[in-house]
Amino acid sequence: MTLRLYDTATRTEREFQPLTPGKASIYLCGPTVQSAPHVGHLRSAVAFDVLQRWLERSGYQVTLVRNVTDIDDKTLVKAAEAGWEWWAWALRYEREFQAAYAAVGVRPPAAEPRATGHIPEILAMIERLIDNGHAYEQGGSVYFDVRSFPGYGSLTRQALDDLSPAQDSPIESKRDVHDFALWKATKADEPETASWDSPWGRGRPGWHIECSAMAQRYLGDSFDIHGGGLDLRFPHHENEQAQSHAAGYGFAKLWMHSAWVTQSGAKMSKSLGNGLLVSEVLAQHEPAALRLALAAVHYRSMLEYSTSTLDEATAQWGRFQGFVTRASEKVGAPSAAEVSAAELPAAFVEAMDDDLGVPRALAVIHETVRAGNAALTAGDDQAAAATLLAARAMLDVLGLDPAAPEWATEKAGASTAAMAALDFLVKADIEARATARADKDWATADAIRDRLAGAGIVIADAADGARWSLASEA
RNA sequence: GGUGGAGUGGCCGAGAGGCGAGGCAGCGGCCUGCAAAGCCGUAUACGUGGGUUCGAAUCCCAUCUCCACCUCCA
């Protein structure tokens, strides 16, 4: 069985056949860094992080490029309102996005190009489009001529005459209302730093051209997969494709779009202002639980986010963590190399190969964990070791191996030294309680447990002695 | 108006013609001094109305409701 992915362009599942055997090139539309990241942004990032991990696990060498749109109308407006330089404003949020991605275990891309860092490439592509007869200059701005390109609308099956007019620039200056800006002439009220020299005078790039130019620069004329949120399909991706095709490039072979996060059925969105900020969520929940919640629903399905979403994910995460911890203590922890080399259960592979069927893959993990717990109870160390290895290998594909370094030290951000000191103190209480229990002095034993619980320390008795842990929730 | 998507048990969510994914919550049990964790068991589920079929949540027709894109949006 080989990997099949749903291609938005053809609306079919297609077998993944890379342009270069053994390699996979992916361009992912990253954030417009004009405000703080919300949960929805992370969903897209996690979905494509899982794609990358699965491709790598399947033997591909993956090059993933995720851009940063660091200049656009809103960035300029918001920065001006706040009295900031637009470039400082953009960088501030770029850092927030990076921190948010890292917090939920999204690995950094191979390249993270900024629009403003690729003005030469953008100008070159615009000139190429003008030379090809697919773009024209008008008053210092350059527009893409949609009527000149028969393939326009093919990605999203739009007929030009049925569309509402594009409104990214004054209609009267364009040949067709659907023409969109490749280059925007600078305006009087815009800062000098927000414009660059061009053959058509000072100006700045339009929204769509940066992706075409940067994809071409880093991934070449053609690449395997272009990804992004579902809402980017039109006009952004349609326009990107039109530009690149009109410029004579093969561009993306396959399009993948992740669905959004909804609340009470409605889309979470920057403009609606109903976005749950990542910073707010992570103040109350473990990052791994957030990642699990975001990954648990198939990437093309809406993810209904409610107050119980993170509670459920936390419970599941606790289950995974608990099993890995107990099993590792009993039979020893496999090395990272062993985990990444371990054979994956066939049902898991089948699910992942079927357009990244994470929900079904998670079901396999749960079944494995249940079998592992049963093996631990039965004292079957061999079975416990096998299930531990399989569970960690599968969780690793999802970026959720509890023993992986990114999740290891997250407990309340405590340092190893502080944890060791705490362990020393708690052990004394555990010993006192063990003595009380041996004397059947339940009142004293319970008092000790209650006192620790009040400090957020959970005691769990087991046949071979009590163990303690911090309560996972704030 | 154009394009696309969705309605599954208390909740979240897979599946896509025939053995009721999985999780969370609940209930019963085992274990435990009590708990926690774990394990076992536990559900007249597939928007509505027709139809096709030996058999439909899955196919066809009709219908209702919701959502999204066509402005910025992951």
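Protein chains get the first letters and strands the later ones, always in sequence-line order, with residue 1 at the start of each. For clarity, every value in this text was computed on a predicted model and none was experimentally measured.
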*Between A68(B) atom C1' and L230(A) atom CG, what is the distance in whole Å?*
7 Å

*asked:* For the C1' atoms, the ones on A36(B) and on C31(B), what distance do you get once it is rounded to whole angstrom?
replied: 12 Å

*asked:* Is any side-chain heavy atom of R291(A) closer than 4.5 Å to one of V106(A)?
replied: yes

_Pairing nucleotide - C54(B), Watson-Crick or G-U, each distance under 3.5 Å_ = G18(B)

*Between atom CE in M302(A) and atom C1' in C69(B), what is the gap in whole Å?*
10 Å

*Could you check how far CZ of F234(A) sits from P of A68(B), rounded to whole Å?*
18 Å

*asked:* Counting only side-chain heavy atoms from C-beta out, which of G4(B), A14(B), C70(B) sits nearest to R233(A)?
replied: G4(B)

*asked:* With ring pair (Phe, Tyr, Trp, His ring centres under 6.0 Å) as the test, pick out the partner of H41(A) among W260(A), Y101(A), F97(A).
replied: F97(A)

_What is the separation between atom CG on D72(A) and atom C1' on U71(B), rounded to the nearest whole Å?_
13 Å

*Would you check if there is a donor-acceptor pair between the side chains of D355(A) and Y299(A) at a distance under 3.5 Å?*
yes

*Base of G23(B) paired with side chain of E312(A) (donor-acceptor, under 3.5 Å)*: yes

_Rounded to whole Å, please give me the gap between CG in L294(A) and P in G23(B)._
20 Å

*By side-chain contact (heavy atoms from CB on, under 4.5 Å) - contacts of R107(A) (at least two apart)*: D49(A), Q52(A), R53(A), E56(A)

*Which part of the nucleic acid, if any, lies within contact of H257(A), taking any heavy atom under 4.0 Å across all strands shown: a base, the sugar-phosphate backbone alone, or nothing?*
nothing

*Just call it for S301(A): base, sugar-phosphate, or nothing, with non-hydrogen atoms closer than 4.0 Å on any strand.*
sugar-phosphate

*asked:* Say we look at C60(B) and U52(B): how far apart would their C1' atoms be, to the nearest angstrom?
replied: 7 Å

_Heavy-atom side-chain proximity of L452(A) to W468(A) below 4.5 angstrom_ = no

*If you check every side-chain atom of A315(A), which of C69(B), G22(B), C24(B) has the closest atom?*
C24(B)

*RNA chain B: 5'-proximal contact among G357(A) and E367(A) (nearest heavy atom)*: G357(A)

*For L303(A) and C11(B), what is the distance between atoms CG and P respectively, to the nearest whole Å?*
17 Å

*From the list G4(B), A21(B), G13(B), which nucleotide is the closest neighbour of the side chain of R157(A)?*
G4(B)

*Which whole number of Å gives the distance between the C1' atom of C40(B) and that of G4(B)?*
46 Å

*P atom, U48(B) versus U58(B): distance in rounded Å?*
10 Å

*Most 5' of Q316(A) and A296(A) on RNA chain B, judged by nearest nucleotide*: A296(A)

*Under a 3.5 Å cut-off for both distances, is G4(B) Watson-Crick or wobble paired, and to whom?*
C67(B)

*Quickly work out the L362(A) CG to G15(B) C1' distance and round it to whole Å.*
15 Å

Produce the list of close N/O pairs, under 3.5 Å, pairing protein atoms with atoms of nucleotides 36-39 of chain B; give distances to one decimal.
from, atom 1, to, atom 2, distance (Å)
A36(B), N1, D461(A), O, 3.4
A37(B), O2', R326(A), NH1, 3.0
G38(B), O3', N373(A), ND2, 3.1
C39(B), OP1, R319(A), NH2, 3.4
C39(B), OP1, N373(A), ND2, 3.4
C39(B), OP2, R319(A), NH1, 3.3

*Determine the interatomic distance between C1' on C61(B) and the same-named atom on G29(B); round to the nearest Å.*
50 Å

*Counting only Watson-Crick or G-U wobble pairs whose two distances fall under 3.5 Å, which nucleotide matches G49(B)?*
C61(B)

*Can you check whether any acceptor in the base of C67(B) is under 3.5 Å from a donor in the side chain of K267(A), or vice versa?*
no

_Test applied, side-chain hydrogen bond (donor to acceptor under 3.5 Å, both in side chains); reference residue, N67(A); option that passes from R114(A), H118(A), E112(A), E210(A)_ = E210(A)

*Tell me what D446(A) touches on the nucleic acid: a base, only sugar-phosphate, or nothing, going by heavy atoms under 4.0 Å.*
base

*Run the ring-centre check on F251(A) versus F223(A) and record whether the distance is less than 6.0 Å.*
yes

*Counting Watson-Crick and G-U wobble pairs only, both distances under 3.5 Å, name the nucleotide matched with G41(B), or none.*
C27(B)

*Quantified in whole Å, what is the P atom distance between nucleotide G9(B) and nucleotide A14(B)?*
13 Å

*asked:* Regarding A378(A), tell me which of base, sugar-phosphate or nothing describes its non-hydrogen contacts under 4.0 Å with the strands shown.
replied: nothing

*asked:* Is it the case that the side chain of S25(A) and the backbone of D224(A) share a donor-acceptor pair, with hydrogens and angles ignored and the cut-off at 3.5 Å?
replied: yes

_Any donor-acceptor pair under 3.5 Å linking the side-chain atoms of T75(A) with those of D72(A)?_
yes

*U53(B) and A68(B): how far apart are their P atoms, nearest whole angstrom?*
40 Å

*When you measure from the side chain of R449(A), which nucleotide among C12(B), A35(B), G2(B) comes out closest?*
A35(B)

*Can you figure out which of C70(B), A74(B), A14(B) approaches the side chain of L163(A) most closely?*
C70(B)

*Specify the separation, in whole Å, of atom CD of Q263(A) and atom P of A74(B).*
16 Å

*Take atom C1' in G13(B) and the same atom in G23(B), then report the distance between them in whole Å.*
8 Å

*When all nucleic acid strands are considered with a 4.0 Å heavy-atom cut-off, which category describes V364(A): base, sugar-phosphate, or nothing?*
nothing

*asked:* Quiz question: by atom type and distance under 3.5 Å, do the side chains of T262(A) and E304(A) form a donor-acceptor pair?
replied: yes

_OP1 or OP2 of G4(B) under 4.0 Å from side-chain N/O of R11(A)_ = yes

*Looking at every strand, decide which applies to G40(A) at a 4.0 Å heavy-atom threshold: base, sugar-phosphate, or nothing.*
base

